[in-house]
Structures are given as structure tokens and as C-alpha cells.
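Note sheet for the following structure.
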Amino acid sequence: MNKLINNYRIPVVDLPALSARERKFIDTKRLSFSQAMKHSEFFLISQQRLHTFMEDCFRLIEDVGLFNNVPNRHKKEVIDTN
């Protein structure tokens, strides 16, 4: 796998870890991240951890530069699937 990644210069992003407590809550309730942020049982500290996780993920993905030429990439639109 590493040989293919290197040969084809495939960008690799090592995403940060989300704490086990938040992961378990989200998985158990089968929530999206935006649903979890609004959930009454998802406490403020968990919201902050998830927010930080998402910010770090977005920054890491942005740093790869893979989507630099995508139209409307700076558009601040969130799709809610509720």
C-alpha cells in the first residue's frame, strides 16, 4: 500500500483522535456530528471536544491542498440531513 501511495503521490491525512466517550455516544445513538452537537445529553465539554476535533480535521484536510481548485470551496454552507 505504501508503495502505491508513494508511486502515485496520493495525499495521506492522519486525522486526530476523538475521545472514546464522545465516539461511543455518537455511535450508540447513531448521530451525525451536527445532530450530536444539538443533542440534549451531549454536554458542553463534549461539544467542545467535538468542535475541536472537527476544526483540526478540516485544517488537516485543507493543508493537503487537494481541494484548492474546487468551485465554491470557501462557501460556508452546512447540509443538515434531518
Side-chain angles (χ1 to χ4, degrees):
M1 182 63 87
N2 285 333
K3 185 177 178 182
L4 290 172
I5 289 170
N6 290 331
N7 285 347
Y8 292 101
R9 296 182 182 154
I10 299 169
V12 175
V13 178
D14 291 321
L15 298 177
L18 180 61
S19 79
R21 180 180 184 155
E22 281 73 34
R23 278 194 331 265
K24 183 177 179 183
F25 180 86
I26 291 167
D27 288 344
T28 301
K29 304 232 182 245
R30 302 183 60 120
L31 301 171
S32 68
F33 288 159
S34 53
Q35 289 170 329
M37 291 293 272
K38 297 174 191 173
H39 199 283
S40 63
E41 295 174 36
F42 202 62
F43 300 114
L44 186 59
I45 190 71
S46 294
Q47 291 175 3
Q48 182 59 47
R49 287 183 186 133
L50 180 56
H51 178 80
T52 301
F53 167 78
M54 291 176 21
E55 292 256 321
D56 290 347
C57 288
F58 294 152
R59 181 183 43 78
L60 289 167
I61 291 168
E62 185 73 22
D63 288 348
V64 170
L66 187 63
F67 302 107
N68 285 353
N69 297 323
V70 175
N72 299 321
R73 79 181 190 97
H74 291 292
K75 190 174 181 180
K76 299 283 185 182
E77 182 177 318
V78 177
I79 299 173
D80 192 1
T81 59
N82 286 338

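Sequence positions, counted from 1, serve as the residue numbers for this chain.
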Exercise. Could you state the interatomic distance from CZ (Arg59) to CE (Met54), rounded to the nearest 0.5 Å?
Worked result: 14.0 Å
For this session: Spell out, yes or no, whether Met37 and Leu44 are grouped together once hydrophobic residues are joined by side-chain heavy atoms under 4.5 Å, including indirect joins.
Result: no
Exercise. Going through the distances and angles, do Lys29 and Glu41 end up as a side-chain contact (heavy atoms from CB on, under 4.5 Å)?
Worked result: CA-CA 11 Å; Lys29 304 232 182 245; Glu41 295 174 36; 3.6 Å; yes
Exercise. Judged by atom type as modelled, is there a donor-acceptor pair below 3.5 Å linking the side chain of Ser46 to the main-chain atoms of Phe42?
Worked result: no
Problem set entry | Interatomic spacing from CZ in Arg49 to CD1 in Ile45 - rounded to 0.5 Å | 5.0 Å
Problem set entry | Leu18 side, atom CG; Ile26 side, atom CD1 - distance, nearest 0.5 Å | 5.5 Å
Exercise. Side-chain contact, heavy-atom cut-off 4.5 Å: Arg21 with Phe25?
Worked result: no
Exercise. Residues two or more places apart in sequence or in another chain: which of them pass side-chain contact (heavy atoms from CB on, under 4.5 Å) with Leu66?
Worked result: Pro11, Val64
Problem set entry | From CG (Leu60) to CG (Asp14), nearest 0.5 Å | 8.5 Å
Seminar exercise, completed: Between the CD atom in Gln48 and the CZ atom in Phe53, the distance rounded to the nearest 0.5 Å is 14.0 Å
Exercise. Nearest heavy-atom pair of Thr28 and Lys24: which atoms, and what distance?
Worked result: OG1-O, 2.6 Å
For this session: Look up atom NE2 in His51 and atom CD in Glu55, then write down how far apart they are to the nearest 0.5 Å.
Result: 3.5 Å
Seminar exercise, completed: Closest non-hydrogen atoms of Cys57 and Leu15, given as atom of the first, atom of the second and distance, are SG-CD2, 3.9 Å
Exercise. More than 12 foreign heavy atoms under 6.0 Å from CZ of Arg30: is that the case here?
Worked result: no
